[in-house]
Amino acid sequence: MTSSNPNNGGEALVKSLEYEGVDVMFGLPGGAILPVYDPILDSSIRHVLVRHEQGAGHMAEGYAHATGKPGVCMVTSGPAATNVVTPLADAMLDSVPMVCITGQVPLAAIGTDAFQECDTTGITMAVTKHNFLVTDAQDIPRIIHEAFHIATTGRPGPVLVDIPKDIVDPTNPKSTMTWYDPDSIPMELPGYRPVMEGDPALIEEAAALIAQAERPVLYVGGGVLKARAAEPLLKLAELLQIPVVTTLMARGAFPDRHELCLGMPGMHGNYTAVTAMQKSDLLISLGARFDDRVTGKLDGFAPTAKIIHVDIDPAELGKVRHYNIGIQGDCKLVIEGLIEVTEKLGASAQADRSDWRSTVSGWQEKFPLVYENSLPGDKLKPQFVMEQLRDGNPHDTILCSGVGQHQMHASQFWKFDHPYTWINSGGLGTMGFSIPAAIGAKAGMPDRRVWAVDGDGNFQMTAQELVTATVEDIPIKVALFNNSYLGMVRQWQEMFYDERFSEVHLSDNVPDYVKWAEAMGAVGIRVESPEEVAPAIAKANEIDDRSVVVEFVTDARENVFPMVPTGKTNSELVVDPSQQHLIDGEASGGDAGNGAAS
Amino acid sequence: MNVSAISPRWHTIAATVENKPGVLARVAGLFSRRGFNIHSLAVAPTEDEKFSRITFTVDIEGTPLDQVVKQLDKLINVVDISELDPAESVERELMLVIVEVGEQRKELMEIVEDYRAYVLNEGDGKLMLSWSARPARLDELEARLRPFGIVDMQRTGRVALPSLGT
C-alpha cells in the first residue's frame, strides 16, 4: 500500500485508485505520467505493462465486461492519450465502465504546444461519458471518486482524468496536498442524478399491455447485463412464457439452451429471431437501443409491433423508434417491478400465446443455422471450427471476439448459457479488440478459461499484446480464423460489388502465425484438416502455463448467413442458399403467420 | 401580444450549467456531433457565480426537440434544462447597429424616437444605435433601418426567463 497519508498528488492518485478498490490496472508509462509510476512500486495494485496504449484500453474493457467492475488504464500524454481514443470510443458505444488516467504536460505548459502535449480533454470529449482536467493536487481524491462514480452508475461509460505533471511531481510545490477520505466530502456533481427506479404507474401499464399481447417478444440488450439483471429476466420470461432475443451485446443474458431463447436478431441474426420480431405485436425492449444493425431499414422494422422501451438512459427512449410505453430506469428494478405486477394480475390475465409459440418453434425447426460441410481438399469451414470450439470447452468459458465474420459465426454458433461469458466490440466494431480484451478478462477472472476468437486481419492489429500476456503471465487461448482475407469486407464485395474484390486479400503465406506466436512466447499450432480441429483444441486446453494460438486455415469463400442486406428491411432476410426455397414458401403465405403483416 | 414571430421550428432552450472551463465546448460539441443546429446562443454567469445560463435557439427541423434536450441533459455539467414556451416567457435581445445618416436625418431620427432606441455614438456621417427588445421587434427595426444603409450590426442572440405568474 502507498503511505497512509500521502502529502503529494502522485501518491494521492495511487491511493485514490486503491481506495476505489482497483486491484489491476493496465498501462504504459511515459514522461508526463512518470511521477505517478513511482508510488505504483509501493502499491497493492497490480500494474500490467502493455505494448501499446490501445491494448491497455481494451484490456480495461475486457476486465470490466468480465468482472462487472470498472476497468482502469493509465497512460502518458500526447500520443499515448490519442492511442486510447479508440478504446474510449469503444467503451462509450458499448457502455463499458472504465476510468482512464492520462498524464498531461505541466499546467504552465498547457496551450504552448509543449513536447507530447495534446488537448486530451478536447479530443476525448465526444468519446467519454465525462472527462476532467485536474488543476489542483488537492482535488485528486475527490475527482477520482467522482470519475468512478460517473463511470459505474446510470448508463455506465468511460471517464477520463487528465493529470498535469506538476501536480503529481513531489519535487514541485504544486503537488503538495493534504490527504482526505473522498467519502468524507460531497461530490461536486450538481448535474448528475441518474434515475434508477422506473415509474410504478408506467410499470403497471406495461404489465397490462404485455398481458394483452398475443405475439410478444422480449428484445434484450446489453443494458440487462449492465444492470446484472439476467436472473430476474429469466424469471420474467418463464412467468410470461414469452420468447427472448438477445442482441450481440446481450448474448448470455438469457441462456441459449433455454426453450424460450431465440438467439440473436439483426443483420446476421437467425431467421426465427429476426422474423419473430418482424411479426410481433409487442416488443418489450429491455436495455436495447434499436441499433441499425438490429432494425434493418427502420420504416420496415417490426411494423405491427407496439413498443415498451425500458432504458436507464432517457435519451434512448424514442431516439430511433417511437414507443407506446417508455420507462426510464434500471433494467433490474424495472424487470422486478414487472414480475411483481404480473404475478398480481395472475396467469388468467395473460392472452393465449400457444399459437405464437408454435409458429415460432415451427420457424426454429424449419430454419436452423446451416452450412455445408467441407469437401476433401477444401479449407476448413469456419462454422465447423466454431462448433468444435464450443463443444470442446465448458459452458462458462469466456469468449472474446474481434470484429467481422468470425465474430458473427461465434455469436451464431456458440451457446451462451451464462451472463458475462461473451465479450465483443458491438457498437464501434473495433478490429483488434479480442486479444487485449481477452487478456483483460483473464486478468480479472484468472480461474476461468478465456478464448479469443480472432480473424487474421484483426490479429495483425493487436497481436503484440500476446507478449504482454507472456511476460505478465496472463495466459489466454486464441482461435485464429485465417482465411487470408478481410472476410466481412470480402463478403460485401462479393454480394454488393459484383465480386470485384478491392484491397481485401491480405496474403496466403505471410505472416507465419505459428512462428509469430512462438516469437511472442506462446505456443503456435496450425490446423488445416477437419479431423485435426478437435485434437488441437484439446491440446490448447491442456496448456495452462502460457498462451496458445491455434491457427485454423479457413475457407475464404464462406459467407455469414442469414444476412439482411444493408438498406433492406428485416423481412428481406437472405438465408443460407440451401434454405432460400423455404423462404419463398413463407412469402407465398405458406405458414400460419398469425395474421401479422408480412 | 407576446408571441414570437420566428419560425415555429425554432425553439428556445435555457440550460443552467456549471460555470467551469470547457462547458461551452461540451455543449457546442454535442450539437455538432448529433447533427443539431444552433440558431443563436447567449451565455453568461447567473446570480450564483458557480453557474452560468446558456440560452439558445435551436433549429429542430429533422431533429425532435426531445432528443436535443435529453442529450444535453446527459452532459454532466448541465444542471438543469428546459424549453421556454414563448407564450410563457419573456425574451429579449440586444442589437448594436451603425447606420448611414445621409440626407434623410429627419426620417431616421423619427424611427429612433419611435422605437426609443439609444444613440450611443455619432460621427463620419453615421449613427451607432442600441436597442433591446423581443427578437421579432429587432427584426422589424432592422428592416426599417436597412433603406438608410446599415454599415455594421451585431445582435446578441436571445436571452429569456419564464414569465412571472405562469
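A note on names: the letters A, B, ... follow the listed sequences, proteins ahead of strands, and every chain is numbered from 1.
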Would you check, one step at a time, whether the test side-chain contact (heavy atoms from CB on, under 4.5 Å) holds for A:His130 with B:Asn77? CA-CA 9 Å; A:His130 192 56; B:Asn77 298 127; 3.3 Å; yes
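Heavy-atom contacts from other residues, nucleotides or ligands closer than 6.0 Å to NZ of A:Lys297 number 12 or fewer. Heavy-atom neighbours of B:Lys74 NZ from other residues, nucleotides or ligands within 6.0 Å: above the threshold of 12. For CE of B:Met128, the number of neighbouring non-hydrogen atoms (other residues, nucleotides, ligands) closer than 6.0 Å is 12 at most.
Scanning residues 307-326 of chain A against chain B with a 4.5 Å non-hydrogen threshold yields A:Asp313, A:Pro314, A:Ala315, A:Leu317, A:Lys319, sorted by number. Of all residues in residues 136-158 of chain A, those placing a non-hydrogen atom less than 4.5 angstrom from a non-hydrogen atom of chain B are A:Ile150, A:Arg155.
Nearest heavy-atom pair, A:Ala126 versus B:Arg33, reported as atom, atom and distance to 0.1 Å: CB-CD, 3.5 Å. Closest of all the heavy-atom pairs between B:Val79 and A:Arg193 is O-NH2, 3.0 Å.
Atom NZ of B:Lys20 is separated from atom CG of A:Leu133 by 11.5 Å, given to the nearest 0.5 angstrom. To the nearest 0.5 Å, atom NZ of residue A:Lys129 and atom CD1 of residue B:Ile76 are 5.5 Å apart. Residue B:Lys70 holds its NZ atom at 8.0 Å from CD of A:Gln328, rounded to the nearest 0.5 Å.
The shortest side-chain heavy-atom distance between A:Asn131 and B:Arg26 falls under the 4.5 Å cut-off.
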